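For reference, the structure discussed in these notes is given below.
Order of the sequence lines fixes the chain letters, A, B, ..., with proteins taken first and strands second; residue numbering starts at 1 for each chain. Predicted, not measured: the structure shown is a model, and the values here were computed from it.
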2 protein chains.
Amino acid sequence: MIPKRVGIKDVASAAGVSVTTVSHILNATPNTRASEETRRRVKDAARALGYGPNRLAQGLRTQRSGMIGLLSEEIATTPHAVRIILGAQEAARAHGLSLMIINSTHDANDESRRDDIAALLERQVDGILWATIMYHREVSLPSNLVGVPAVLIDARDRAGLAPGVEPDEESGARAAVTALIQAGHRRIGFVNYHGDIPATHGRLRGYRSVLAEHGIPFDESLVVAADYEALDGYAVTLPLLDRPDRPTALFCFNDRMAMGAYRAAAELHITIPEELSIVGFDNQELIAANLFPALTTVALPHYEMGVWAVDTLVRIMNGHEEDRLLSDHPTFMECPLVIRQSIAAPAL
Amino acid sequence: MIPKRVGIKDVASAAGVSVTTVSHILNATPNTRASEETRRRVKDAARALGYGPNRLAQGLRTQRSGMIGLLSEEIATTPHAVRIILGAQEAARAHGLSLMIINSTHDANDESRRDDIAALLERQVDGILWATIMYHREVSLPSNLVGVPAVLIDARDRAGLAPGVEPDEESGARAAVTALIQAGHRRIGFVNYHGDIPATHGRLRGYRSVLAEHGIPFDESLVVAADYEALDGYAVTLPLLDRPDRPTALFCFNDRMAMGAYRAAAELHITIPEELSIVGFDNQELIAANLFPALTTVALPHYEMGVWAVDTLVRIMNGHEEDRLLSDHPTFMECPLVIRQSIAAPAL
DNA sequence: CTGTTAGCGCATTCAG
DNA sequence: CTGAATGCGCTAACAG
């Protein structure tokens, strides 16, 4: 690096004071250590020399690196989860921390995971965020993460050693179905995913509970399930819409399946939203905003989870032990409804 | 951090040798400094104690932090550009380096940009990657980046001080149009973006050059342009397809516009690919893979650009000055065609 | 109000 | 083949 580093020492001699004084002044130590006069001299000298502290040395000395590690599993790969990184990064910056990212593949085994954590630890990170996209949301903390300030994203620790955040699938589904009912619908189909993951069950629970609260009997024939791509949504929606007693609205497991439902409706000459209202899930802008009509859907609070995780991690790092209590139970984050144009009152 | 750090000193006393010896052995200093016997003792002790070097201290001493910074402008936000991060991260890991990420907004001004770079520099990063998504691809290196090993992604430095990579838009367009011509098409429409960005011009150049090479006259009426969302693509494609002499194939500026073209075709009862072939650009899986039929498109080499950038940065950091020469001219990366189901021979 | 000093954990001369 | 000593840049007692 050609521009040779200017250190505290250079500032000191330039200002004609000792390094101690410089250190105190630049770190804004509470007690008015130096006179206004010297403060100015030092600050001016620092600015003139283009001084910036060497955070490595600082960290070595203070035992705080000011860095936090984000171990993300496959997350940098799935587009709509990038917002976790974004939220974490912005929250970290707000706390004066830097984010160090390691992305591992979904099939990472325990050992490679431990290696990744070790790498972060060698860098002396002050805490670690572990974001997963897994089938089972319950995980076990890797052994070398035990005792280290850590927060899980999209997962919960089996042993309750670290707090975690997850999207509140159920309330998200509730928001979606409620919107449909408020528009006047009573025959609402649910195009679910057939896999055994928390989202599947949570969203179904939300769907059922809202129906029940509105006195609408649960009709099993209105619930179908398939894989979660557009084609699967299409295949399973087609027969559902090709019935004399077809639903007037559809709640789809995700935006991709909703995309398939759009196609099924088009083929059957059913217009959206006049003859069929649709709500999706995930708020994948690329799809939701570009479908016609634009899809009303439920957003996953990835950004917010990233922020929450960092804020919580910072409190734990600062020794607020009460936050450890959060480890007992998962924290759920709201999934807000994003209203676009795919809902209308049912046709008479 | 509860698990108290074990240092080189602990290993030394556990193995009954000096810290010097431990340092040499663990760093695999070339010359066989120690006897096989002591090597084993030291290594065993290190493993037993779960020793890991303190990279902060190491960096302070060696003047190399082993970290590189990635300053990304709005990049963590645009889904299909996340692959830059992924590529950079994996390449960095392969070099034993860690990636520190800072995401700034698109409207970042020069000052905030300098601040971000300063933050990275304070962390003593060994080099910086600057990824932008800009209208003008020519940028000026922020002053505090001059002299620091740096590589640009998706941009080129006006002053030629740092090398940069960009996607080869023209060759991507050529691949797309060539595929169409090889399928037998001669009336090929181009649904372009109306903005004045490199992609607009590069793709048009590619389109025109391939036509010319195949002796197909350029027909201006087959080229339309609009904003780049699905709705815009739809609006502009509809009249194009509603002509008696409509094109038998369409090359779209991006997958979103192609999505709009699909809708236009559907409304006109033109089936894809039998009566109309379509190629997109960007390879946004969410759209391309979920359209029906799945969209053949051109992929942006984001991952590869991330890898190239890190590899190049590493060489520069190691003082391979010949790599600085790369700064003179931008490096272009191929945009490969991703074949799906939207191309067929034209109907007779 | 300000300066001296002793490490933080490690790599590296330079002597054995 | 191995060890003692020095300092990377900075903070924090502890003196003045």
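Between B/Ser23 and C/dA11 there is a side-chain N or O to OP1 or OP2 distance below 4.0 Å. Here B/Gln124 does not reach the OP1 or OP2 of D/dC8: none of its side-chain N or O atoms lies under 4.0 Å away. For the OP1/OP2 pair of C/dA11 and a distance below 4.0 Å, the side-chain nitrogens and oxygens of B/Asn27 include at least one atom meeting the criterion.
Comparing B/Val19 and B/Leu60 along DNA chain D, the residue whose closest nucleotide (by nearest heavy atom) sits nearer the 5' end is B/Val19.
Between B/Leu70 and B/Met100 there is no side-chain heavy-atom pair separated by less than 4.5 Å. For the pair A/Asp311 and A/His95, the minimum side-chain heavy-atom distance is below 4.5 Å.
One atom, NZ of A/Lys9, and another, C1' of D/dT11, lie 14 Å apart when rounded to the nearest Å. Rounded to an integer number of Å, the gap from CZ of A/Arg123 to P of C/dG9 is 17 Å. For the pair A/His24 NE2 and D/dC14 P, the interatomic distance rounds to 13 Å; values are reported in whole Å. When the P atom of C/dC1 is taken as reference, atom CZ of A/Arg41 falls 14 Å away, rounded to whole Å. Here the C1' atom of nucleotide C/dC8 and the CG atom of B/Leu56 are 10 Å apart, to the nearest Å. Here D/dG7 presents its C1' atom at 16 Å from CD of B/Gln58, a figure rounded to the nearest Å. Rounded to an integer number of Å, the gap from CD1 of A/Ile8 to C1' of C/dT2 is 14 Å. Look at CD on B/Glu122: it is 13 Å from C1' on D/dC10, rounded to the nearest Å.
Using a 4.0 Å cut-off between charged side-chain N and carboxylate O, A/Asp116 and A/Arg113 make no salt bridge. Note on B/Asp44 versus B/Arg47: salt bridge recorded, some NZ/NE/NH1/NH2 to OD/OE distance being below 4.0 Å.
Here the side chain of B/Arg61 is nearest to one of D/dT6, D/dA4, C/dG3, namely D/dT6. In the set D/dT11, C/dG3, C/dG9, the nucleotide with an atom closest to the side chain of A/Val17 is C/dG3. For A/Thr21, taking side-chain heavy atoms from C-beta onward, the closest of the listed nucleotides C/dC10, D/dG3, C/dT2 is C/dT2.
At a cut-off of 3.5 angstrom, the base of D/dT11 holds no donor-acceptor pair with the side chain of A/Thr20.
Side chains of A/Ser98 and B/Arg123: a donor-acceptor N/O pair is present below 3.5 angstrom, by distance only.
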